[in-house]
Asks: 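Right, I'll just put the structure down here and ask away after.
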Number of protein chains: 2
Amino acid sequence: MTKLQITVDIVLFTILERQLHVLLIRRLAEPFRGSYALPGGFVLENESVDEAAHRELREETGVEKVFLEQLYTFGEPNRDPRGRVITVAYYALVANSHILRSGTDAADAAWFALNKLPPVAFDHQNIIEYAQQRLRNKLDYSNVGFELLPEKFTLTELQLVHEAILGANLDKRNFRRKILQQGIVEPSKEWQKTGRKPAQLYRFVD
Amino acid sequence: MTKLQITVDIVLFTILERQLHVLLIRRLAEPFRGSYALPGGFVLENESVDEAAHRELREETGVEKVFLEQLYTFGEPNRDPRGRVITVAYYALVANSHILRSGTDAADAAWFALNKLPPVAFDHQNIIEYAQQRLRNKLDYSNVGFELLPEKFTLTELQLVHEAILGANLDKRNFRRKILQQGIVEPSKEWQKTGRKPAQLYRFVD
DNA sequence: TCAAAAGTGTTGAAGATACACCCATGG
DNA sequence: CCATGGGTGTATCTTCAACACTTTTGA
């Protein structure tokens with residue numbers, strides 16, 4: 001009897017060039033050596049599953065203190081050729097200002113746009129699609145969009161985040177009205193001066 | 001090193017006396033011997049986690065072919081005093097016309113209204129609350145309510161299901177209009193004759 | 001004839017959608 | 001001076017919420 005094992009896998013999203021991207025890591029070991037896979041690893045004896053997800057994300061990508069939420073548990077008997085491995089999938093969001101640590105674990109990590117994914121190991125393609133769907137749904141009834149932005153942001157940047165997640169264009173005036181009358185942002189005293197015309201920087205309020 | 005184990009636990013809902021009820025089973029073994037717990041058990045080597053949930057539900061309650069959906073995975077290290085046990089929680093819905101099998105496994109199974117739960121073992125109280133919340137949310141954007149009714153039902157019965165899940169009263173005219181214009185029910189040719197005035201029996205259409 | 005549950009429309013408020021132009025700045 | 005992206009209002013439609021009486025039947 002082979003031992004049953006539990007892993008966590010994390011779908012880490014960010015926005016790059018107005019598109020939703022996912023972090024993948026090239027596998028150095030068999031099986032699926034050389035192909036890309038989600039960051040993740042085994043759950044240790046004395047940590048919760050949530051802690052394992054945070055730890056693996058930190059070890060493999062250097063990313064800490066991010067939004068991280070459990071997604072679904074994938075438990076088909078043959079999803080991993082090494083034996084019986086059940087994985088608890090998570091998804092996480094980082095602003096693109098976060099920088100990936102270049103360490104041994106993260107040696108070959110890279111961001112991929114969702115419509116340009118390479119072939120991925122195991123059932124990770126499924127997991128990624130499931131995460132994307134969850135993120136879209138969640139955008140409707142929560143403030144999850146802010147997790148993909150730095151502390152201060154313009155309303156146009158926020159709109160681009162929503163458009164990237166939904167994969168659709170939104171009307172600028174309707175979007176701004178909706179966000180402002182929800183009262184979930186407040187103007188900071190700063191203006192973004194990098195564009196043609198200065199733009200008001202906002203901050204998320206809880 | 002103690003072996004890591006995976007269980008499934010199932011929150012089985014039904015409607016009794018206009019109230020949402022949960023099925024609990026009295027434990028015959030330590031720990032928590034004599035207290036109530038959710039039906040569930042260990043995931044076997046060659047079955048998927050979903051299959052394990054279906055199997056445990058069948059074995060412990062006799063219930064088959066019901067709506068069953070994964071809820072959340074609870075993985076705190078000390079949630080089970082026997083050792084490291086991670087549980088994948090599910091919730092399931094049955095019409096109250098389904099009858100519990102009286103077998104050895106289900107010897108002491110009983111339905112409890114959600115506001116009259118006895119003390120329950122492990123972290124099962126949490127799991128039940130989580131399931132109730134999920135069910136409420138799901139009612140808004142899905143047809144999950146029909147799973148708690150027999151094939152043919154009156155609109156008033158459907159409304160009572162919604163009210164039981166939401167814990168609130170609904171306006172009859174608004175409710176009926178909403179359901180009918182969604183086009184998710186069709187009138188059958190039968191009428192329910194048990195009440196004072198005959199009521200149209202409807203059927204769910206997909 | 002009375003009690004109980006079935007069935008049926010309208011109105012007002014709020015929220016969502018569609019739509020186009022002027023402004024400030026850097027190059 | 002022009003190209004770029006920032007910023008702003010209104011009209012319409014759809015959706016949701018509030019609200020009360022008549023009908024059929026069994027007891």
Side-chain angles (χ1 to χ4, degrees), chain A residues 15-19 96 136-143 145 149-150 152-204, chain B residues 15-19 96 136-143 145 149-150 152-204:
Chain A
I15 306 273
L16 290 170
E17 293 155 13
R18 304 190 170 191
Q19 292 216 295
N96 58 20
R136 277 188 188 165
N137 294 339
K138 190 124 182 159
L139 199 59
D140 274 346
Y141 62 89
S142 83
N143 298 324
L149 288 170
K152 290 173 186 167
F153 50 85
T154 66
L155 291 185
T156 297
E157 286 167 345
L158 181 58
Q159 183 177 344
L160 289 171
V161 166
H162 281 242
E163 288 178 339
I165 293 173
L166 298 174
N169 294 326
L170 301 172
D171 180 90
K172 184 165 31 166
R173 283 168 293 186
N174 292 339
F175 179 80
R176 293 163 94 93
R177 180 177 38 246
K178 197 175 83 179
I179 294 295
L180 290 172
Q181 80 184 19
Q182 280 176 335
I184 54 179
V185 297
E186 63 181 15
S188 73
K189 284 166 190 159
E190 294 172 53
W191 292 72
Q192 188 174 81
K193 300 248 174 74
T194 56
R196 286 294 196 251
K197 181 177 172 180
Q200 176 76 61
L201 284 165
Y202 288 82
R203 178 189 296 116
F204 173 60
Chain B
I15 307 274
L16 291 170
E17 292 155 13
R18 303 190 171 192
Q19 293 216 296
N96 59 18
R136 276 187 189 165
N137 294 339
K138 188 123 185 160
L139 200 59
D140 274 346
Y141 62 89
S142 83
N143 297 325
L149 289 171
K152 289 172 185 166
F153 50 86
T154 67
L155 291 185
T156 297
E157 286 167 344
L158 182 58
Q159 182 177 346
L160 289 171
V161 166
H162 281 241
E163 289 178 339
I165 293 173
L166 298 173
N169 295 327
L170 301 173
D171 180 90
K172 182 159 42 160
R173 283 169 293 186
N174 292 340
F175 179 80
R176 294 164 94 91
R177 179 177 36 247
K178 197 175 84 179
I179 295 293
L180 289 173
Q181 80 186 17
Q182 281 175 335
I184 54 180
V185 296
E186 62 180 15
S188 73
K189 284 165 189 160
E190 292 173 54
W191 292 71
Q192 187 174 82
K193 300 249 175 74
T194 56
R196 285 294 196 254
K197 179 178 172 180
Q200 176 75 60
L201 284 165
Y202 288 81
R203 179 189 296 117
F204 173 59

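A, B, ... follow the sequence lines: proteins, then strands. Residue 1 opens every chain. Since we're looking at a predicted model, the values are computed, not measured.
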Asks: Roughly how many Å is it from CD in B:Q192 to P in C:dA6, rounded to a whole number?
Replies: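 Distance, rounded to whole Å: 8 Å.
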Asks: Quick one: which of C:dG26, D:dT8, C:dA6 gets closest to the side chain of B:A199?
Replies: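 Nearest to the side-chain atoms of B:A199, counting from C-beta on, is C:dA6.
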Asks: State whether the number of non-hydrogen atoms from other residues, nucleotides or ligands found under 6.0 Å of A:E17 atom CD is greater than 12.
Replies: no
Asks: I want to verify a distance call: between D:dG7, D:dT25, C:dA6, whose nearest atom is closest to the B:R196 side chain?
Replies: D:dT25
Asks: Rounding to a whole Å, what distance do you find between A:N169:CG and C:dC19:P?
Replies: 14 Å
Asks: Would one find a side-chain N or O of A:R177 under 4.0 angstrom from OP1 or OP2 of D:dG9?
Replies: no
Asks: Rounded to whole Å, please give me the gap between CG in A:L201 and C1' in D:dG5.
Replies: 15 Å
Asks: Quick one: does any side-chain atom of B:S188 pair with a main-chain N or O of B:R203 as donor and acceptor, under 3.5 Å?
Replies: no
Asks: A:K193 NZ to D:dG6 P: how many Å, rounded?
Replies: 15 Å
Asks: Taking only side-chain N and O atoms of B:T156, does any of them lie within less than 4.0 angstrom of OP1 or OP2 on C:dA6?
Replies: yes
Asks: Nearest to the side chain of B:N174 - C:dA5, C:dT25, D:dA17?
Replies: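 So the nucleotide nearest the side chain must be D:dA17.
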Asks: Starting at atom CG of A:D140, determine the distance to atom C1' of C:dA16, rounded to an integer number of angstrom.
Replies: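 Interatomic distance, CG of A:D140 to C1' of C:dA16: 13 Å.
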Asks: Could you pick out which residue, A:G195 or A:R173, lies toward the 5' side of DNA chain C when each is mapped onto its nearest nucleotide?
Replies: A:R173
Asks: Identify which nucleotide among C:dT25, C:dA4, C:dT8 has an atom closest to any side-chain atom of B:K172, counting heavy atoms from C-beta outward.
Replies: C:dT8
Asks: By the 4.0 Å heavy-atom rule, please label A:T154 as base, sugar-phosphate, or nothing.
Replies: nothing
